[in-house]
Structures are given as structure tokens and as C-alpha cells.
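Here is the structure we will look at.
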2 protein chains.
Amino acid sequence: MHKEHTLTKNQQIIFDLIDKSPEPMKAYSILFNVQKKGIKAPLQVYRALDKLVEIGKIHKIESRNAFIACHNSSCQVSKATAFSICEICEKITEISSASLSKYLANFKDKDGMKYSKYNLEFFGLCKKCR
Amino acid sequence: MHKEHTLTKNQQIIFDLIDKSPEPMKAYSILFNVQKKGIKAPLQVYRALDKLVEIGKIHKIESRNAFIACHNSSCQVSKATAFSICEICEKITEISSASLSKYLANFKDKDGMKYSKYNLEFFGLCKKCR
DNA sequence: TTTGAATTGTTATAATATAACACTATGTAA
DNA sequence: TTACATAGTGTTATATTATAACAATTCAAA
């Protein structure tokens, strides 16, 4: 299907941390958490994050400057992402809806242009906060 | 329809600048451009930007940390936005498609939850860059 | 006319992200 | 094996984006 990327040491450390986290993590929070593993500088974190985003193992929540592990097997390399964000508790969930992704992938703008890459962030209140 | 907001001096200066700009503007570029008008500090810019976003006169392009004037009369107070972004020349266009906004406003997630606020950013190549 | 909410001005600082450069590991093709 | 390219690492410094805190001012509504 898609190339399996063998993560390097830094990438693996940072991916594991994000993957275990129940919520999206910010870069400097990641840095703080991995300093005991020898990752000392922001750039080491950002480089790993860039790569992990590139290969689809994590996604960036643009409106929050935070990173979340991808749990949607179908978007491992895809850059077509959708999230719901609770404006009270900040709970963030990746949306994997075949109909939504189909609709967006087929959407044509005024010029007839289609886009395979997109990022969609929905805002509202989650079940608990309603 | 919606309340007309009278912009304050700083808000007006900053809105005018963004509105005249052919491309989205970043906060510190705005600051540089309005210093001759007496706006000297980042916070003065950010406060005006916050307000202008709140009332729907401008939108923030989250993936670019840049601000663009709204030219879509139907979203003056709405927080339901969609943009296309050219990955080469960085041309950014607000998309106003009734069918897209209708689809997204009616989209229900797994929990049956609907969202009136969203931000969608499409990435691809514009006509010129293709 | 006073009073309350929003806005302003200012200094300082926090949070997010990249530049530049030397060095190291790893895969691959001659 | 050698050597070559590509990707990753470690490090220091710095750039970019954004907010905290507090005092002063404006301005419209009661």
C-alpha cells in the first residue's frame, strides 16, 4: 500500500510521546517531555515533527499549533484531514468520514479546480460540554 | 441583517491596509506598515486583528498566520470559512460556494454532532502555477 | 452625569519556529 | 569495500508570532 517509514531515534521518541498523549501536544511541551531522553533543542523537536507530519504519522492542528497522532489508517500519507474541536474543553478528534472526504476531494472551485490536500477544522461544543 | 460595527481608529487603519492588500498580510508586516500612522506596538495590531476577526471583517489563514479581508458579504459575522492556497505562489482565495457551505453546515459527525463554525483550507496549485 | 464596557498606549515577556554550520549515520551503487 | 549521496543529528543563535499586566482614555447608554 504505502511505504513503511522506519522512524529514526528522535522521530520514534517524539511519535511515541504524541501517540500516548490523550490530547494534542505543543512543540515545547514535547520538548520538555523528551529532555530526559537527550533531546535538548527545539530544532530537534521541530525536525522530527516536520518529518512525522510529512509521512502522515501525526497531524498539525493549525488553529492550536498542536500535534496529534493519526489514528486513521487510510490517511497515513494523505494530507486530507478533518478535526472537530471543542471550544470549551479543547477536546480534539480526528474525523474520518468517507462521505466527507469524498465530498471534499471532489469539490471544484469556481475555476473548476480540485484539491487533494486540505485541512478542515470544525468548532463547536463536545458532548460533555453541551 | 447584521449589526454594522463602527470601527475605531486603529481598527480602521488596519482594516484599510489589509483590505487594499492583494495578498494576506502577517501581523508584523502590518505593524511595519502602520507605524507611520502612530501604531507602534504589536499588541495594538493584535487587538485590532482580534476584533476584526471577531466581527467577520477579516479572516485568519491559520496555516499561514496571515490575515485577509473578507469579500464575501454572506459571512460578515460567520466563522464558516474556506480558502484555496497555492503551494507555489502562495496565492490565497476565499471560496464562497453555497453548496460547500451548505454541505459543511449540515455535516454530522459520528455522534450526530453538527458544527456551524469551521475553517477549511484547500492546498494545490493555482491556474498560473499548474 | 456618571458609570461601565471597550479601546488605547506602553513596557516587558512568553510562545512558536527557523537559520546556519559542522558533524554523523545509513543506504546504495560502482 | 569504497565512495557517494541523502537524510538525520547536535548546537548556538536568532527570528517570528503572540500575550501579560497595568494605567489612562474614550464613548455610548442609563
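A quick note: this is a predicted structure, and the numbers were derived from the prediction, not measured. So that the names make sense, note that chain A is the first sequence line, chain B the second, and so on, each numbered from 1.
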Open item on the list: When you group the ILVMFWY residues by side-chain heavy-atom contacts below 4.5 Å and let the links chain together, are A:Ile85 and B:Leu120 in the same group?
Closed with: no
- [ ] Write down the distance between CG (A:Leu31) and P (C:dA14), rounded to a whole number of angstrom.
- [x] 16 Å
Task: Protein-nucleotide distance (A:Lys37, atom NZ; D:dT9, atom C1'), rounded to Å - done: 18 Å
- [ ] Nearest whole angstrom, please: distance from the C1' of D:dT9 to the NZ of A:Lys51.
- [x] 14 Å
Open item on the list: So, OP1 or OP2 of D:dT9: does either fall under 4.0 Å of a side-chain N or O from A:Thr8?
Closed with: yes
Task: Hydrophobic cluster membership, B:Ile58 vs B:Ile14, 4.5 Å side-chain cutoff - done: yes
- [ ] Write down the distance between CD (A:Gln12) and C1' (C:dA25), rounded to a whole number of angstrom.
- [x] 17 Å
- [ ] Could you check how far CD of A:Gln35 sits from C1' of D:dT11, rounded to whole Å?
- [x] 14 Å
TODO: Mind calculating the distance between CD (B:Glu62) and P (C:dT16) to the nearest angstrom?
DONE: 13 Å
Task: A:Asp19 side chain vs A:Phe15 backbone, donor-acceptor pair below 3.5 Å - done: no
TODO: Quick one, give me the B/S/- string for nucleotides 16-30 of chain D, reading 5' to 3', where B means a protein heavy atom under 4.0 Å from the base and S means that only happens at the primed atoms, P, OP1 or OP2.
DONE: -BBBBB---------
- [ ] Looking only at non-hydrogen atoms, find the nearest pair between A:Ala80 and A:Ser116 and report the distance.
- [x] CB-O, 3.7 Å
Open item on the list: In this structure, would B:Ile61 and B:Tyr28 fall into the same cluster of hydrophobic residues linked by side-chain contacts under 4.5 Å?
Closed with: no
Task: Closest approach of A:Met113 to B:Leu125 (non-hydrogen atoms, all atoms of both residues) - done: CE-O, 2.8 Å
TODO: Mind checking A:Gln44 for me? I need base, sugar-phosphate or nothing, with any heavy atom below 4.0 Å counting as a touch.
DONE: base
Task: Spacing of B:Ile39 atom CD1 relative to C:dT10 atom P, expressed in whole Å - done: 12 Å
- [ ] Compare side-chain N and O positions of A:Lys40 against OP1 and OP2 of D:dT11 and report whether any pair is under 4.0 Å apart.
- [x] yes
Task: Protein-nucleotide distance (A:Lys9, atom NZ; C:dT26, atom C1'), rounded to Å - done: 15 Å
Open item on the list: Aromatic contact between A:Phe107 and A:Tyr118, with the criterion being ring centroids under 6.0 Å apart: yes or no?
Closed with: no
